[in-house]
K.L.:
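Take a look at the following structure, please.
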Amino acid sequence: MSKEALYGKTLSELKTCVKDLGLPAFTSKQIADWLYKKHVTTIDDMTNLSKKARTELNDKYEVGLMPPQSFQESVDGTKKYLYQTSNNQFIEAAYLPEDNRNTLCISSQVGCKMGCLFCMTARQGFQKNLTSNEILNQIASLPERDTLTNVVYMGMGEPMDNIENVLKSLEIITAEWGYAWSPRRINVSTIGVVPAMRRFIEESEAHLAISLHSPFNDERKQLMPIENVYTAEKVIEALRDYDFGRQRRISFEYIMFKGVNDSPQHVKGLLQLLNGIKCRVNLIHFHPIPNSPLEGSDYKTMEFFRDKLSQKGITTTIRKSRGEDIYAACGLLSTKKLIKENNEKDY
Ligand code: SF4
């Protein structure tokens, strides 16, 4: 019988574990220290626990870290890691080193049910929600773990569609007994699942990035079916209910598709939609995906967009494409792996 993972449990869950085993309450804090500060990989490495405590823990639990299965490195230094999940599927994490920061982009689900037209993960369909163990393992088992300065939840899956585990993972990253990171080092993205987005805003302090991709209802519906349920207007209305303070950042991600959402009318539409919201906009160059007619806008058009938005006081940046040579767009590598495995099974 497989053992339960300790890694990925919150302090209060660890308290329940030790209580159930009849161990002293302070053991839970010691375990949290070993897991999140001292980075042990086995229970036997938790050397300040009594022998009896270690034996009892070992009977039922394991630390539960899983090293990446493989990785690819791009010419620009981006590294894409493939991790296996409990149901033998694959998720990706992309490590993006820059001059003064090293960011890890992590996944929150295997596949995704949101069906965005431009996304490779959407083509896998939804497979499962990652547990907090599987979300955080992408950080803990990363060879570059100790160099990380930032984490973004922008890999495979819609984080708000797995809000319980995402909030649990955020608690572990930011709690004093956990990794004790500032929430300002974390950015969580959403396409705008409003009820869960409200929970995220109320129960965490991490930054929020909302994928917009079009200010127009009909067009956004084509790109992102979520618009049929939560329109961009509804998402922005919800944001108006909160005071984000000076420290917490709201940003809008806008992938630019040639001839689709990159006209001067789109700039006007964006300005109207974002009116009065303190935010920044990130314009993203589209990585082409196989069998899709969508193409990325050229950089001149992107600069026009950036300048128009900036002139109206919205801080706007153009995001470089990273790791195109290793399929660093979300879901590409794991989809390729899935296709390969399925083909192998067919033989
Ligand atoms: S873009 Fe994000 S929300 Fe949309 S299908 Fe892809 S993973 Fe899901």
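Both ligands and their constituent atoms are indexed starting at 1 by order of listing. The analysis underlying the following values was restricted to heavy atoms, covering all of them including side chains, and did not include hydrogens, waters or symmetry mates. Owing to the predicted nature of the structure, the values given are computational and were not obtained by experimental measurement.
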K.L.:
For Phe118, is the NZ or CZ atom of Arg220 found under 6.0 angstrom from the centre of its six-membered ring and inside 45 degrees of the ring axis?
P.N.:
no
K.L.:
Ring centroid separation for Tyr83 and Phe90, is it under 6.0 angstrom?
P.N.:
no
K.L.:
Could you tell me, atom by atom, which parts of ligand 1 come under 4.0 Å of a heavy atom of Met114?
P.N.:
3 (S), 8 (Fe)
K.L.:
Check ligand 1 against Gly157 and write out every atom of the ligand that is under 4.0 Å from a heavy-atom position of the residue.
P.N.:
7 (S)
K.L.:
Is atom 4 (Fe) of ligand 1 less than 2.8 Å from an N/O/S atom of Cys112, whether that atom is in the backbone or a side chain?
P.N.:
no
K.L.:
Looking at Ala122, which atoms of ligand 1 are within less than 4.0 Å of one of its heavy atoms?
P.N.:
5 (S)
K.L.:
List the steps and the verdict of salt bridge (Lys or Arg N to Asp or Glu O under 4.0 Å) for Asp44 and Arg54.
P.N.:
CA-CA 6 Å; Asp44 289 330; Arg54 276 180 274 162; 5.1 Å; no
K.L.:
Angle between ring planes, His285 versus Tyr299, binned at 30° and 60°: parallel, tilted or perpendicular?
P.N.:
parallel
